[in-house]
Visitor: 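Following this message is one structure expressed as structure tokens.
Owing to the predicted nature of the structure, the values given are computational and were not obtained by experimental measurement. Below, read A as the first sequence line, B as the second, and so on, with proteins coming before strands; counting in each chain starts at 1.
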Amino acid sequence: MLTLKYITENTQDVIQRLSKKHFDGESIINEVVALDNLRKSTQMLLDNSSAEMNNLSKEIGVLFKQGKQAEAAAAKEKTTHLKESIKAYDEQLTDIEQKLTNLLVQVPNLPHASVPAGKHAEDNLIERAGGKMPLLPQGAMPHWDLAKKYDLIDFELGVKISGAGFPVYKGKCARLQRALINFFLDNAREAGYLEIQPPYVVNAASGYGTGQLPDKEGQMYHCQIDDLYLIPTAEVPVTNIYRDVILNENDLPIKNTAYSACFRREAGSYGKDVRGLNRLHQFDKVEIVQIQHPDKSYDTLTEMVAYVQTLVEKLELPWRILRLCAGDMSFTSALTFDFEVYSAAQERWLEVSSVSNFESYQANRLKCRFKGNDKKTQLAHTLNGSAMALPRIVAALLENNQTPEGIRIPAALIPYTGFDLID
RNA sequence: GGAGAGGUGCUCGAGUGGUUGAAGAGGCACGCCUGGAAAGCGUGUAUACCCCUAAAGGGUAUCGAGAGUUCGAAUCUCUUCCUCUCCGCCA
């Protein structure tokens, strides 16, 4: 969430920039500012009363030691009303802080100046593109038909075992996915990321830390008995490693990568978007996460985007990078680049990666700070990106590389798959 | 799951109602000393919020978390989370 300090010092600017995200922040921001003033004055009253109480208590202690029972008893009398007002102020303050937090979590992050205006996906800017469009043979099939033809993915079996959106991968497709995971992790390691194996289930505090809670509660699977959530992305456990942590400036940047299965309820999705591998309840993904100094976070974002580009290039997929418009960006992001690959038989661009700078928005919730070389402690910037999400990559690989003889595996993957053709 | 022990600052560790943000040691930082280093000596070493600010300074809260008793709680009571040991179960 945004910091109170920033909001109170840049009120009009905040409202202005929120409007770019099509968020009408006028009333909520003004309420925040008013509540913050109330918070300060209440805190002052509370602090003064507490100070007075502390002094009285010390005096009483001294009087008792000196054996002046009567005077001590008299002093005790005076504490009664103080105690009441302290309790009242304390309750008021707690209440105000609660209200403030409730308001603040409703306010999205501010878009970076370079974010294009716009409301929908059509307003996203194509930053750059590359790769060769494949020439498909006669009778080319979408991946769900290829999956059947070569016995690669059994969607019905998944329905039987779990439900829609939980496909069963078989044979060379299962091996292809395992190969992709290793390929992505090895590349990340070579790019300087530390590999992490995180828990797939997190507590509510972690969900709040990265912003899935409270706003996107319905998107996560929840184990009620234990009050734990299945992770929608490795971003959640990996970023929460740094919750309530004060790093040293010299430790920055922190670069972590993790493979995980991801679980998403995807409530409300339907139609061609969910056909085949396009949208699943469980899928595999390798994530990259960085914690960086605020002065360097945009250079880091550029670096991360360039890194993901090397992946799609090695996979020989037609790709393009979109600079998301303000309206299409996530709640918590300040600047996001999406990667799409072309899935030739579906004739659709599929989102396979999203790389974002959250600036201090997540860090403020996480309380992830660093102590600078100047001894001052400040919020760090967090960034993350998919590198990458598997199912749509698999869909594009299957569709784009189909030949009459079978499905070709791109050269960079062959050492990982151990085969060069699915037939 | 059953029985017991415990959770204190960067670390170890003292502290069972009174001026304790917290002894002591270690670590780290700075200074002195030195030709240089070590040793030694000295100083400093949390976070958040508020007041005042040019700077300095001051106040409040925090000893796993939450609630309570008390004029006063790291110390007492309750709840809860976590860790460790033994038993049980088990990939």
Visitor: Have Y89(A) and D47(A) got a donor and an acceptor in their side chains that come within less than 3.5 Å?
Guide: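 No, because no side-chain N or O of Y89(A) sits under 3.5 Å from a partner of the opposite role on D47(A).
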Visitor: Answer yes when E156(A) and K160(A) have at least one side-chain N-carboxylate O distance shorter than 4.0 Å, and no when they do not.
Guide: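 Salt bridge absent between E156(A) and K160(A).
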Visitor: Taking CG from N364(A) and P from A48(B), how many angstroms apart are they, rounded to a whole number?
Guide: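 Computing the N364(A):CG to A48(B):P distance gives 11 Å.
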Visitor: Just by distance, with hydrogens left out, do Q362(A) and E235(A) show a side-chain donor and acceptor under 3.5 Å apart?
Guide: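 Side chains of Q362(A) and E235(A): pair found under 3.5 Å.
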Visitor: Salt-bridge test for D123(A) and K119(A): reply yes if a basic N is under 4.0 Å from a carboxylate O, no otherwise.
Guide: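 The answer is no: the pair does not qualify as a salt bridge.
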Visitor: Checking contacts here: which listed nucleotide (A48(B), C71(B), C50(B)) is nearest the side-chain heavy atoms of K40(A)?
Guide: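 Closest nucleotide to the K40(A) side chain: C50(B).
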Visitor: Knowing that exactly one of V236(A), L213(A), I231(A) qualifies, which makes a side chain to side chain contact (heavy atoms under 4.5 Å, CB included) with M220(A)?
Guide: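 Only one option passes, and that is L213(A).
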Visitor: Given the P atoms of G36(B) and G31(B), what is the spacing between them in whole Å?
Guide: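 The same atom, P, in both gives a distance of 14 Å.
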Visitor: At under 4.0 Å between heavy atoms, what does L82(A) touch on the DNA or RNA strands: base, sugar-phosphate, or nothing?
Guide: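 It contacts nothing in the nucleic acid.
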Visitor: Does the distance from a Lys or Arg side-chain N to an Asp or Glu carboxylate O, for K87(A) and D90(A), drop under 4.0 Å?
Guide: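 Not counted as a salt bridge, because no side-chain N and carboxylate O are separated by less than 4.0 Å.
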Visitor: If you measure only the distance, is there a donor-acceptor pair under 3.5 Å linking the side chains of Q292(A) and T300(A)?
Guide: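 Their side chains do contain a donor-acceptor pair, which is all the 3.5 Å distance test asks for.
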Visitor: F358(A) and H381(A): ring pair (Phe, Tyr, Trp, His ring centres under 6.0 Å), yes or no, with the steps?
Guide: CA-CA 7 Å; F358(A) 304 99; H381(A) 279 191; over 10 Å; no
Visitor: Can you figure out which of C49(B), G59(B), A48(B) approaches the side chain of R369(A) most closely?
Guide: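 For the R369(A) side chain, the nearest candidate turns out to be A48(B).
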Visitor: Salt bridge check: are K99(A) and D95(A) linked by an N-O gap of less than 4.0 Å?
Guide: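 Judged by the 4.0 Å cut-off on N to carboxylate O distance, K99(A) and D95(A) do form a salt bridge.
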Visitor: Write down the distance separating the P atoms in U60(B) and U8(B), rounded off to the nearest Å.
Guide: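 Looking at atom P only, U60(B) and U8(B) are 26 Å apart.
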Visitor: Between C33(B) and A37(B), how far apart are the two C1' atoms, rounded to whole Å?
Guide: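 After rounding to an integer number of Å, I get 12 Å for this pair.
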Visitor: Say whether N240(A) and R243(A), considering side chains only, have a donor N or O and an acceptor N or O under 3.5 Å apart.
Guide: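 Present: a donor and an acceptor within the cut-off.
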Visitor: Go through A46(B), U60(B), C71(B) for me and flag the one nearest to the D47(A) side chain.
Guide: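 For the D47(A) side chain, the nearest candidate turns out to be U60(B).
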Visitor: Output the rounded distance in Å from CG (L100(A)) to C1' (A48(B)).
Guide: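 Roughly 15 Å, once rounded to whole Å.
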Visitor: Select one nucleotide: of G59(B), A46(B), C51(B), the one nearest the side-chain heavy atoms of K371(A).
Guide: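 The answer is A46(B).
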Visitor: What's touching nucleotides 18-22 of chain B from the protein side, N or O pairs under 3.5 Å?
Guide:
from	atom 1	to	atom 2	distance (Å)
G18(B)	N2	S57(A)	O	2.8

Visitor: Rounded to whole Å, how long is the line connecting atom CG of N248(A) with atom C1' of U45(B)?
Guide: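 Rounded to the whole Å, the gap is 13 Å.
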Visitor: Could you measure between the two P atoms, the one in A46(B) and the one in A22(B), and give it in whole Å?
Guide: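 The same atom, P, in both gives a distance of 11 Å.
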Visitor: When you measure from the side chain of N357(A) to the backbone of E359(A), do you find a donor-acceptor pair of N or O atoms at a distance under 3.5 Å?
Guide: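 Indeed, once roles are kept as given, a pair shorter than 3.5 Å links the two residues.
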Visitor: Between M53(A) and M44(A), just flag the one whose closest nucleotide in RNA chain B comes earlier from the 5' side.
Guide: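 On the 5' side of the pair lies M44(A).
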Visitor: On the nucleotide C50(B), are OP1 or OP2 found under 4.0 Å from the side-chain N or O atoms that N48(A) carries?
Guide: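 Looking at the OP1 and OP2 atoms of C50(B), neither is under 4.0 Å from any side-chain N or O of N48(A).
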Visitor: How many Å lie between CD on Q92(A) and P on U60(B), as a whole number?
Guide: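 The answer, rounded to whole Å, is 20 Å.
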Visitor: With rounding to the closest Å, how many angstrom separate the P atoms on U85(B) and C30(B)?
Guide: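 To the nearest whole Å, 40 Å.
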Visitor: Classify S49(A) by what it touches in the nucleic acid, base, sugar-phosphate, or nothing, heavy-atom distance under 4.0 Å.
Guide: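 No contact at all - S49(A) keeps every heavy atom at 4.0 Å or more from the nucleic acid.
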Visitor: Stem finding on RNA chain B, please: runs of three or more consecutive Watson-Crick or G-U wobble pairs, both distances under 3.5 Å, sorted by first number.
Guide: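 In RNA chain B, stems of three or more pairs: B:1-7 with B:81-87, B:10-12 with B:24-26, B:27-32 with B:40-45, B:46-51 with B:57-62, B:64-68 with B:76-80.
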Visitor: Select from L46(A) and S41(A) the residue whose nearest nucleotide in RNA chain B is closer to the 5' end of that strand.
Guide: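 It is S41(A) whose nearest nucleotide is closer to the 5' end.
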Visitor: Please measure how far the C1' atom in G64(B) lies from the corresponding atom in U75(B), and state the result in whole Å.
Guide: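 Here G64(B) and U75(B) have their C1' atoms 16 Å from each other.
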Visitor: Pick base, sugar-phosphate or nothing for A75(A), based on heavy-atom distances below 4.0 Å to the nucleic acid.
Guide: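 Touches nothing.
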Visitor: Can you check whether S50(A) has a side-chain N or O nearer than 4.0 Å to OP1 or OP2 of G59(B)?
Guide: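 Answer is no, no contact under 4.0 Å.
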Visitor: How is N54(A) classified with respect to the nucleic acid when contacts are heavy atoms under 4.0 Å: base, sugar-phosphate, or nothing?
Guide: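 Here N54(A) touches the backbone only, sparing every base.
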Visitor: In whole Å, what separates the P atom of G24(B) from that of C82(B)?
Guide: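 About 36 Å, rounded to a whole number of Å.
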Visitor: In whole Å, what is the span from the CG atom of N37(A) to the P atom of C50(B)?
Guide: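 Going from CG in N37(A) over to P in C50(B) covers 11 Å.
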Visitor: Which whole number of Å gives the distance between the P atom of U43(B) and that of A5(B)?
Guide: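 Pairwise P distance, U43(B) against A5(B), rounds to 43 Å.
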